[in-house]
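Order of the sequence lines fixes the chain letters, A, B, ..., with proteins taken first and strands second; residue numbering starts at 1 for each chain. Predicted model only: the values in this text are computed from it and were never measured.
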Amino acid sequence: MGDDAAVYDAEFKAYLTKNKWSKHFDYAPIDVIAPYCERDCVYAGMMLAVYERYIEETQQGRVWSTERAVTKVLWEMEHAGIGTDLEYARGQLVPMKERLEDVTSSIYGYSGYEFNINSTQQLNKVMGNLGVKSTVKTTKNNPSWAAQALAQVKHPIANAILEQRGLGKLVKDYFEKALEWEDGVQHASFKNWGAVTGRMSCANPNLHSVAKNPQDLSGDVDVALLAGAKAIVGGKAVGAKYSDETEGLVSVRRMYVPRPGYRLYMLDYSQMEMRIFADYVKDEVLSALCEDPLFDFHDHVAEQVWGVSKGDEMWDFYRFKAKGINFGLVFGMGINALSLAIDSTKDEAKRYKAEYFDRFPRAYEFIDLVSKTVEQRGWIRNRFNRRYWIDYDRSYVGVNYLIQGTGADIVKEAMVGIREFLVERDLMSRQLVQVHDEIIMEIPDDERELVLPVVMGIMEKRRIETYLPVEASVGGPSWAQKTVVELAA
DNA sequence: CGATCACGC
DNA sequence: GCGTGATCG
């Protein structure tokens with residue numbers, strides 16, 4: 001809008017800061033802030049004209065109209081909020097804090113003195129004293145003590161530190177946070193422009209990072225194993241099924257419950273990113289297989305690349321590698337990150353990847369085309385013409401942007417469609433939360449028969465060629481206890 | 001305020 | 001790969 005506008009903006013913000021009005025604009029007197037707001041609107045209007053032309057030229061009209069429409073959905077979601085079981089939150093905080101104290105003192109027992117466990121530097125010193133060296137480096141080439149590094153450590157302090165960090169986060173970010181809403185309804189903030197790919201972001205609390213696995217507070221391995229955990233790392237019961245009957249397990253998702261008269265429904269796209277990947281790769285066989293809602297992408301890759309079948313001795317081994325490479329490709333992982341993800345050496349990872357591309361040459365061609373286009377042209381567009389400008393030296397992110405962004409646009413369109421249906425029919429059912437490939441809704445029993453099939457139909461509508469099936473679950477009653485819903489044919 | 005870590009998809 | 005948030009120094 002010109003240099004004078006930028007200067008005005010900078011000078012005015014400095015003026016606000018000087019008068020301690022900068023934290024919130026409404027701290028400033030109205031006669032001070034009003035002219036600024038007025039100019040802000042005028043500039044926004046001028047920018048709209050510029051961008052509307054750009055949107056037209058780049059054919060991003062569909063994305064633009066979805067973004068405007070989804071804003072209403074987000075406002076309604078934020079307004080509705082999500083119900084929380086405050087009794088559960090308050091009740092679990094007591095044993096959680098007790099466990100946290102026990103774990104903390106056990107760490108001090110190992111170190112021989114009290115220190116700030118949250119300080120990586122202080123922790124590094126403690127580990128040095130114990131004669132333990134990290135095999136992993138941070139991005140700034142310092143010794144890393146992240147979970148990945150601690151996994152290599154034999155000393156029992158490693159697991160205790162993992163538990164202290166994980167449990168501490170649950171307590172602070174979710175359980176204590178929950179008490180801030182005294183009426184038991186949390187109103188998180190959603191941003192439809194939160195990520196460059198087109199994904200949303202969420203904050204206060206971040207409902208996109210609510211732990212999926214229950215946390216064991218008993219310290220008794222049997223408790224977690226009984227709940228079906230495949231492993232217990234830092235008290236995290238990986239793969240365990242939460243139940244109120246299992247004493248000693250807590251779940252953040254258990255805190256989220258429907259309000260009176262409603263049930264919670266979770267509508268989940270099955271392997272959405274892998275199916276979108278298949279669509280981009282244009283492998284007809286793969287796309288045909290996606291017509292089966294139960295098709296498992298990782299199983300298929302394991303079978304096709306390494307010739308194993310379920311029940312074989314090597315099945316778990318190759319299924320794990322297949323899943324790792326699949327995610328590695330859509331995330332744009334380098335060979336280093338991939339080798340860590342699939343628990344292999346770099347050379348082995350290279351070989352697995354080569355074998356993968358040998359069987360799926362079109363996957364290689366697609367990835368290669370994307371990075372070459374970024375390097376030569378500087379931009380790419382997803383299935384909805386959403387445009388991404390990417391520096392040539394970051395061309396490896398292109399595949400991820402396309403897949404993640406296409407998924408994001410599909411879910412956004414679905415949310416808009418669901419809202420239109422609910423408004424049109426004047427229904428009580430409502431959308432509460434979106435977690436990238438999942439929509440959480442509250443539906444009264446007498447609307448379920450009507451709403452559920454229509455909502456699933458809206459979500460499954462073909463916006464790309466490949467079928468994207470949705471799985472519906474009902475809360476039992478919370479987000480932690482899901483039961484798959486079978487719709488009558 | 002950059003770096004580190006943990007959680008999700 | 002993309003996020004939010006807490007914490008440290």
message = I'd like to know if the side chain of Y110(A) reaches the main chain of A160(A), judged simply by a donor and an acceptor atom lying under 3.5 Å from each other, with no hydrogens or angles considered.
response = no
Fill in: Modelled atom types, side-chain donor and acceptor of K321(A) and S344(A), under 3.5 Å
yes
Tell me what K169(A) touches on the nucleic acid: a base, only sugar-phosphate, or nothing, going by heavy atoms under 4.0 Å.
base
Residues in residues 368-403 of chain A with a heavy atom under 4.0 Å of DNA chain C, by number, are R394(A), Y396(A), V397(A), N400(A), Y401(A)
Inset, instruction - If the plane angle is over 60° it's perpendicular, under 30° parallel, otherwise tilted; pick one for Y88(A) and F175(A). - result: tilted
- Any donor and acceptor pair, going by atom type alone, linking the side chain of N400(A) with main-chain N or O of V330(A) inside 3.5 Å? yes
Any D296(A) side-chain heavy atom under 4.5 Å of R319(A) side chain: yes
With the side chain defined as heavy atoms from C-beta on, A146(A) is closest, among dA6(C), dC5(B), dC2(C), to dC5(B)
Side-chain contact check for A203(A): nearest option of dC2(C), dG5(C), dC7(B) is dG5(C)
Among the nucleotides dA6(B), dT7(C), dG3(C), whichever has the atom closest to the side chain of R165(A) is dA6(B)
In numerical order, the residues of residues 457-484 of chain A whose heavy atoms come under 4.0 Å of DNA chain C are none
Open item on the list: Just to be sure I understand the rule, does A147(A) reach a base, reach only the sugar-phosphate, or reach nothing, if contact means heavy atoms closer than 4.0 Å?
Closed with: sugar-phosphate
From NZ of K137(A) across to C1' of dT4(B) the rounded distance in Å is 15 Å
Rounded to whole Å, CG of L207(A) lies from C1' of dC9(B) at a distance of 14 Å
Within the 4.0 Å heavy-atom criterion, would you say R199(A) contacts the bases, only the backbone, or no part of the nucleic acid?
base
Between K482(A) and K241(A), the two heavy atoms sitting closest are O-NZ, 3.9 Å
*asked:* Does a side-chain N or O of N142(A) approach OP1 or OP2 of dT4(B) to a distance below 4.0 Å, or not?
replied: yes
Atom CE of M333(A) and atom C1' of dC9(B) are separated, to the nearest Å, by 12 Å
Between OH of Y174(A) and P of dG8(B) the distance, given in whole Å, is 9 Å
For Q186(A) and W181(A) the tightest heavy-atom approach is CG-CE3, 3.4 Å
Taking for S201(A) and for N116(A) the nucleotide of DNA chain C with the nearest heavy atom, the one nearer the 5' end belongs to S201(A)
Here the distance between atom P of dT4(B) and atom CG of L150(A), to the nearest Å, is 15 Å
Here the distance between atom P of dC5(B) and atom CE of M127(A), to the nearest Å, is 12 Å
Among the nucleotides dA3(B), dG8(B), dG9(C), whichever has the atom closest to the side chain of K212(A) is dG8(B)
Under 4.0 Å between any heavy atoms, over every strand shown, what does E273(A) touch: base, sugar-phosphate, or nothing? Just pick one.
nothing
- Task: May I ask you to evaluate whether N206(A) reaches the phosphate of dG3(C), defined as a side-chain N or O under 4.0 Å from OP1 or OP2?
- Result: no
* To do: Classify the angle between the aromatic ring planes of H79(A) and W75(A) as parallel (below 30°), tilted (30 to 60°) or perpendicular (above 60°).
  => parallel
Checking dG9(C), dC5(B), dC9(B) against the side chain of S119(A) (C-beta onward), the nearest is dG9(C)
### Task
May I ask you to check whether over 12 heavy atoms, not counting those of R430(A), lie within 6.0 Å of atom CZ?
yes
message: Counting neighbours of CH2 on W379(A) that are heavy atoms of other residues, nucleotides or ligands and sit closer than 6.0 Å, is the number greater than 12?
response: yes
inquiry  = Over all strands shown, is V330(A) touching base, sugar-phosphate only, or nothing at heavy-atom distances under 4.0 angstrom?
reply    = nothing
Looking for any heavy atom pair under 4.0 Å, which part of the strands does Q122(A) touch: base, sugar-phosphate only, or nothing? sugar-phosphate
Count the heavy atoms of every other residue, nucleotide or ligand shown that sit under 6.0 Å from CD of E180(A), and state whether that count exceeds 12. yes
From NZ of K236(A) across to P of dA6(B) the rounded distance in Å is 9 Å
Between CG of L123(A) and P of dT7(C) the distance, given in whole Å, is 17 Å
Regarding the side chain of L162(A), the nearest nucleotide among dA6(C), dA6(B), dC2(C) is dA6(B)
Report task. May I ask you to evaluate whether S209(A) reaches the phosphate of dC9(B), defined as a side-chain N or O under 4.0 Å from OP1 or OP2? Result -> no
